[in-house]
Amino acid sequence: MSKENSFFKKVHDVVKQIPCGKVTTYGEIARYLGTPKSARVVGWAMNAVKGNPEIPAHRVVNKNGLLTGKFHFDGTNLMKNLLENEGIIIKNNKIFNFKEVFWKISIKK
DNA sequence: CCCGTGACTTCCG
DNA sequence: ACGGAAGCCACGG
C-alpha cells in the first residue's frame, strides 16, 4: 500500500501503458515523473518488474535507442525478438527506426 | 543516517 | 569520433 506511491509504481504504471509497437526511453520516463536525472532509477525499476509479463520492459531502451537491457532479459536475442515482433527494426542491438517507434509519454489521469 | 548498487545521461580528454 | 569518468536519484540493509 505504502509502496503504491513509490517511484517504482509510477514507472511500472507508465511502462504498462506503452502502446504496442512503440518504445520509450528511461530519461523520458524519468522526466515525465518529474525527475529527469533519475533515469538510472527507472532502469532499476525495470529490474524490479523483470519477470512481469504485464510490464513490457523490452520496450524501454536508452536515449540512443540502444538495447542496453538486452542482457538482463536472458542474455540472448529475446528483447530484440520481442521488439521485432512489434514491427520495430533492430540493428546491432540498436533500434533502426527509433524515432518512428518512439512513444511520447502523454498519459491523462 | 550512511553505504552500496544500478537496464542512464552527460561531460571531459 | 571514441573511451573513460563523474553525477545523478531512489531503494534496501
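Letters A, B, ... are given to chains in the order of the sequence lines, protein chains preceding strands, and every chain is numbered from 1.
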For this session: Determine: side-chain N/O of A/S38 to OP1/OP2 of B/dC8, distance under 4.0 Å, yes or no.
Result: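 Indeed not, no polar side-chain atom of A/S38 lies that close.
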Exercise. Has A/K63 got a side-chain N or O lying under 4.0 Å from the OP1 or OP2 atom of B/dT10?
Worked result: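 Yes, such a contact exists.
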For this session: Among the candidates B/dC8, C/dC9, C/dC11, find the nucleotide nearest to the side-chain atoms of A/F7.
Result: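 For A/F7, the side-chain atoms sit closest to C/dC11.
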For this session: Between B/dA7, B/dG6, B/dT9, spot the one nearest the side chain of A/V41, thanks.
Result: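 My answer, after comparing the listed nucleotides, is B/dG6.
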Problem set entry | Rounded distance in Å between the P positions of C/dC8 and B/dC12 |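 After rounding to an integer number of Å, I get 13 Å for this pair.
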Exercise. Can you tell me how far P in B/dC11 sits from the matching atom in C/dC9, rounded to whole Å?
Worked result: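 That atom pair is separated by 15 Å.
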Could you give the [atom1]-to-[atom2] distance, from [X] to [N], as a whole number of Å?
X	N	atom1	atom2	result
A/K10	C/dC11	NZ	P	9 Å
A/L78	B/dA7	CG	P	17 Å
A/L66	C/dC2	CG	C1'	15 Å
A/Y26	C/dG7	OH	P	23 Å
A/K37	C/dG7	NZ	P	13 Å
A/W44	B/dC8	CH2	C1'	14 Å

Problem set entry | Derivation of the side-chain contact (heavy atoms from CB on, under 4.5 Å) call for A/F102 and A/E28 | CA-CA 10 Å; A/F102 179 73; A/E28 191 64 28; 4.1 Å; yes
Exercise. Which residues pass the side chain to side chain contact (heavy atoms under 4.5 Å, CB included) test with A/N47, sequence neighbours left out?
Worked result: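 Scan of A/N47 (side chain to side chain contact (heavy atoms under 4.5 Å, CB included), adjacent residues dropped) gives A/W44, A/K50.
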Exercise. Tell me, do A/T68 and A/Y26 make a side-chain contact under 4.5 Å, heavy atoms counted?
Worked result: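 Yes. Closest side-chain heavy atoms under 4.5 Å.
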Exercise. Yes or no on side-chain contact (heavy atoms from CB on, under 4.5 Å) for A/F73 and A/H58, after CA distance, side-chain angles and deciding distance?
Worked result: CA-CA 8 Å; A/F73 274 87; A/H58 61 273; 3.4 Å; yes
Within the 4.0 Å heavy-atom criterion, would you say [X] contacts the bases, only the backbone, or no part of the nucleic acid?
X	value
A/F73	base
A/N47	base
A/A57	base

For this session: Taking Watson-Crick and G-U wobble pairs with both distances under 3.5 Å, convert DNA chain B into its dot-bracket string, 5' to 3', dots for unpaired and | for cross-strand pairs.
Result: .|||||.||||||
